[in-house]
Amino acid sequence: MLALRADLLDFTAAPTWGHARSEAVRWRPDHWLLVGDDGRIAGVQPPSWQPGPGHAVRDERGRLLMPGFIDTHVHSPQLDVIGSYGSQLLDWLESYTFPAEVAHADPEVAAAGAERFADALLAHGTTTAVAFPTVHKVSAESLFAAAERRGMAIVTGKVLMDRHAPDGLRDDVTRAERDCVDLIARWHGRGRSRYAVTVRFAPTSTPEQLAMAGALVRADPSLYVQTHVAENRDEVRWVAELFPEARSYLDVYSRAGLLHRRSVYAHGIWLDDGDRARMAEAGAQVAHSPSSNLFLGSGLFDWRQALHAGVPVTLASDVGGGTSLSMLRTMADAYKVQAIAGQRLTAWCALHAATRGAAQALELDAEIGTLEPGRQADLCLWDWHRGIVDERRLAVASDLHERVFAWLTLADDRHLAAAFVAGREAYTRRSNER
Ligand code: GUN
Ligand code: ZN
């Protein structure tokens, strides 16, 4: 049994919007977290507790221990295009992203990319991701395998795209269906892997392909769905031209049977009231991707409006549209996007969305998202500060919210000391001095 001593932070409920004081926050400074040999959290003990001879002791006093972050929308092959200069979504896809993704037809490129991506997630404090690989079956296969080798929970699936994409990046309905059926049979529910029916976005799938995707989900609603919706105004206009019969962009997916409790819709900036009501009714979530939305000039997502409509909102890096895999950077960007709308995103709402909130929205809360006994010990050990500025800022913070908010605003992957996956240390920072 592992006994880890640190400042423990997690949530027992959803924090109320705008409340810096929250009953939902479970703050246990300088406590012991016990992890069983089965990789699950066994319990928590106060500082006065003494470890016994059967305990492997890790005294990390003065560090913060939280559940690993959950990134609900990220593209594994796009580490190669992160930080690409000067364009909005449709041009960015054509100029940078599609050309980079073509290379993943090669099994060696796909495998090396998946390994690098899984390591990079862990090095940023993300222990679970809902991820897009490429259209190539081997890229999905590689990503499942890379996650499994590290013991990580992953939600992914081969990208479906059979039109409006260059040669080497299109499938067809028959082959795509065959590949999906095979991947689902081999990976969905194997260990910590789950399959997501992955429609890139409506413009790159024919109505026949959308119908095929919908049929897969109808046949097995335990499958996830991931796609993009209403990200960019030119994209929204294009979808209206391609699908004149649909009431809205979201309605294209809804009609195809791609809107259910396990559906993850990235962006959703340009949804209307009807769309939000439909998403709430279906229990589908918006994966809010503020870094990407700013970088690609897509727009400002109204979190509060989604919340009012009853739509679950989770947080996502959307790398490579987003410019960092760090969920802390993502939260800091989310704060700024809400600030422009005159809203205040508390540290609690942000951290909850990237842990317990995402776990609930994905129906994975029995497995991840909190420090509750029985959950998998997917944990991150963070330094509160790494430099002169953050050290000083935290020293003068007068209450817990001020301290945690300043931390998440100033911290990034350099603050991550170690990441544990199912109780096993899967990432250790190279220079580990405090
Ligand atoms: N819409 C369709 N494909 C993509 C993608 O790769 N990234 C983003 N941000 N939006 C998309
Ligand atoms: Zn995306």
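As the structure lists them, so they are numbered: ligands from 1, and atoms in each ligand from 1. For the numbers below, each heavy atom of this structure counts, side chains included, while hydrogens, waters and symmetry mates do not.
Geometrically, ligand 1 and Trp92 share no nitrogen or oxygen pair separated by less than 3.5 Å. Ligand 1 has no nitrogen or oxygen under 3.5 angstrom from a nitrogen or oxygen of Glu235. Note: no N/O pair closer than 3.5 Å links Glu101 and ligand 1 by distance alone.
Per-residue contacts place Asp318 under 4.0 angstrom from the following atoms of ligand 1 (heavy atoms of the residue considered): 8 (C), 9 (N). Shown in contact with His267 at under 4.0 Å from a heavy atom are these atoms of ligand 1, numbered in order with element: 9 (N). Atoms of ligand 1 found under 4.0 Å from any heavy atom of His75 (numbered from 1 in listed order, with element): 5 (C), 6 (O), 7 (N).
The NE2 atom of His75 and the OD1 atom of Asp318 subtend an angle of 90° at the Zn ion (ligand 2), given to the nearest 10 degrees. To the nearest 10 degrees, the Zn ion (ligand 2) sees NE2 of His228 and NE2 of His73 at an angle of 90°.
Across the listed options Glu231, Gln78, His228, His228 owns the non-hydrogen atom lying nearest to atom 4 (C) of ligand 1.
Arg255 and Glu245 are not joined by a salt bridge, as no carboxylate oxygen comes within less than 4.0 angstrom of a charged side-chain nitrogen. Between Arg276 and Asp273 there is a salt bridge, since a side-chain N of the basic residue sits under 4.0 Å from a carboxylate O of the acidic one. A salt bridge links Glu367 with Arg192; the closest basic N to acidic carboxylate O contact falls under 4.0 Å. In summary, Arg26 and Glu372 engage in a salt bridge, as defined by a charged side-chain N under 4.0 Å from a carboxylate O. Ion pairing between Asp10 and Arg28 holds under the 4.0 Å rule for side-chain N and carboxylate O. Ion pairing between Asp275 and Arg247 holds under the 4.0 Å rule for side-chain N and carboxylate O.
In this structure, the side chains of His352 and Val25 stay at 4.5 Å or more apart for every pair of heavy atoms.
Scanning the protein for heavy atoms near atom 6 (O) of ligand 1, the closest one is Arg200 NH2, 2.7 Å.
Neither the backbone nor the side chain of Thr204 has any atom closer than 4.0 Å to an atom of ligand 1 (non-hydrogen atoms only).
Interatomic distance, Phe301 CZ to Trp270 CH2, rounded to the nearest 0.5 Å: 12.0 Å.
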